[in-house]
Each structure stands twice: as structure tokens, then as C-alpha cells.
Peer 1: 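Submitted below is the structure of interest, expressed as C-alpha cells.
As the structure lists them, so they are numbered: ligands from 1, and atoms in each ligand from 1. Hydrogens, waters and symmetry mates are skipped; everything else that's a heavy atom, side chains included, is used. Bear in mind the structure is a predicted one, so any value in this text is a computation, not a measurement.
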Amino acid sequence: MWRAGVLTIFPEMFPGPLGVSLAGKALAAGAWSLDVHDIRAFASDKHRTVDDTPAGGGPGMVMKADVLARAIDAVAQEGRPRLLMSPRGVPLTQVRVEALAAGPGVVIVCGRFEGVDERVIAARDLEEVSIGDYVLSGGEIAGMALIDACVRLLPGVMGATASSAEESFADGLLEYPQFTRPQAFEGRPIPDVLLSGDHARIAAWRRAEAERLTRERRPDLWAKHHSGLRGKSAGVESIASDNDDGLRPCPRRGVPD
Ligand code: SAM
């Protein structure tokens, strides 16, 4: 079973959003497990102190290396990578998420305050992972985002008919636009091609739209895709094959809420 271990000073934040919808159903069904560890339980003083002032001065507080190291050592790692959520980490990508989902799970350290004493990062070989170029107040929401992205890829979680093969980033491209009933919304019709029943034309339209959106919105992704750096083969196939009017909600989005 894929296992997520989380070290945090706010264990009450979990499972939070991971306890509802797709991830929550999968958790209840035993497709993955979540163990949450309160870092404060590893403090050595009666105030359960986990932070101290930064060496060299400056604002804020820093998470103590000794307390965090004890907390990390208490968690059975079982081959799981130790990740520290951090705005200065390697940006999380779908490729990395796929690799993590294919492994035994993750152990996630959630930072708070100004961050974590550098020495524990080195001593416990923590891999710093960022979820974007902005600063959150803590690593918990970042950790939840990473776990959610992994859990939905676990076998069976999105359902037998579901597939992530056409989602954003699957082929290094953003996803094409989606539509559903009604056929006209505030004067805006669904593009005719999607109602044509011609699966080859639909696939071609979707591919062209995915390329257009990626070119317009993410020149960085487009450049990589175009130069073939990502090296992943395309997986375009019709998802409307059992969909006579072209308007049935697509099941690949997974377990309905
Ligand atoms: N002083 C730090 C800096 O400038 O890089 C920011 C610390 S932030 C207020 C507190 C914690 O939130 C971090 O230690 C990290 O665990 C988490 N965090 C904030 N932004 C994040 C991001 N973009 N990705 C992952 N974790 C983040």
C-alpha cells in the first residue's frame, strides 16, 4: 500500500481535504495510508519548544534541528523518500509525481516559521520540494497538494475507466478545453466538431487546442515539448468511443464527488 507519512506541528490539519472526495474515498478504501506525526512530541522541554531564534539575527524563528531529527528518526521510512516542503526546493512536476506515486510512498516534513535549520536537512538527507514560486505560511498545504497529486494516480483510485493519459502535462502539453451540456450556454455553443461523432477529427481538434494553449500560456512547456526533451510518447486516443452524442460526462475525471 502507498504510504504517506507527515511530520508537522499542526497534526490537526490532516487529513483535511485529503479526507474527502477522491483521496478521501481512496483512503477509506485502503488504497493508501496516512500517518501523521506531531513534531512537538519530540521536544525535550516542558513547553514543547520546536523553534528558536535565527543564528546571526534577523526576523522570525527557525525549526530546531535536534527536535526535527528525533521526529524524523521515529518514523519508519521503509524506502520512502524524505521530502521537505520548501519554496526553495526543486519545483514539483507531474513527472516527479508519477515517479513518487509508483514508489512505496513519501515521508513529508512540513516546515513552519522561517524554515528549518540547514543542518537537519543535510544530516537527514531531506529533499527539498517546492509547489511553486510563492511563499505559504507552512508546508502542510504544500504537502497535501503533493499527496493529492500522487494518490489520484494510484491503481484503481480514478476508477477502471479513468485515465490520466490525456490530462495536462501527460504529453508535456496543457489539456484541451472541455465542454458539457447544455449545448448552448449564454449564446456560446459547444464547438461543432465535438458533436460530430467523428473520433479522428475530435482527437485532432483536441490535440491542436492543447498545442495552442500550451504555446500561448506556457512557452516554457512548449519549448520542452517541441524539442522533444521530455522524451515521452504521445498517448492521444479517443475517449469518446462509447459516447454517442459526444456530450456524456467523461469518466476519466475519476470517482464522482
Ligand atoms: N523563509 C522561507 C523562505 O524565504 O524560503 C519561507 C518559510 S515559509 C513562511 C514556512 C514553510 O512553508 C516552509 O519552511 C515550507 O515548509 C513551507 N512552504 C512555503 N512556501 C512553500 C512552497 N512554495 N512550496 C513548498 N513549501 C512551502
Peer 1: Can you name the residues that form a ring-ring contact (aromatic ring centres under 6.0 Å, His included) with Trp205, not counting sequence neighbours?
Peer 2: none

Peer 1: Between Ala26 and Val157, what is the shortest heavy-atom contact and its length?
Peer 2: CB-CG2, 3.8 Å

Peer 1: How close do Asp117 and Val62 get, counting heavy atoms only, and between which atoms?
Peer 2: N-CG1, 3.4 Å

Peer 1: Would you mind writing out a table of all protein N or O atoms found under 3.5 Å from any N or O atom of ligand 1, naming both atoms and giving the distance to 0.1 Å?
Peer 2:
{"unit_1": "ligand 1", "atom_1": "1 (N)", "unit_2": "Glu114", "atom_2": "O", "d": "2.9"}
{"unit_1": "ligand 1", "atom_1": "1 (N)", "unit_2": "Glu114", "atom_2": "OE1", "d": "3.1"}
{"unit_1": "ligand 1", "atom_1": "12 (O)", "unit_2": "Gly138", "atom_2": "N", "d": "3.4"}
{"unit_1": "ligand 1", "atom_1": "12 (O)", "unit_2": "Gly139", "atom_2": "N", "d": "3.4"}
{"unit_1": "ligand 1", "atom_1": "16 (O)", "unit_2": "Met85", "atom_2": "O", "d": "2.6"}
{"unit_1": "ligand 1", "atom_1": "16 (O)", "unit_2": "Gly111", "atom_2": "N", "d": "3.0"}
{"unit_1": "ligand 1", "atom_1": "20 (N)", "unit_2": "Leu136", "atom_2": "N", "d": "2.9"}
{"unit_1": "ligand 1", "atom_1": "23 (N)", "unit_2": "Gly132", "atom_2": "O", "d": "3.0"}
{"unit_1": "ligand 1", "atom_1": "23 (N)", "unit_2": "Tyr134", "atom_2": "O", "d": "2.8"}
{"unit_1": "ligand 1", "atom_1": "24 (N)", "unit_2": "Ile131", "atom_2": "N", "d": "3.1"}
{"unit_1": "ligand 1", "atom_1": "26 (N)", "unit_2": "Ser86", "atom_2": "N", "d": "3.1"}

Peer 1: Write out all pairs satisfying side-chain hydrogen bond (donor to acceptor under 3.5 Å, both in side chains) with one or both partners inside residues 58-76, taking only residues at least two apart or from two chains.
Peer 2: Asp73-Arg124

Peer 1: Could you tell me which non-hydrogen atom of Ser137 sits nearest to which non-hydrogen atom of Arg112, and how far apart they are?
Peer 2: O-NH1, 3.5 Å

Peer 1: Distance-only check: which donor-acceptor pairs under 3.5 Å involve side-chain atoms of residues 49-58, not counting sequence neighbours?
Peer 2:
{"unit_1": "Thr49", "atom_1": "OG1", "unit_2": "Asp45", "atom_2": "OD2", "d": "2.5"}

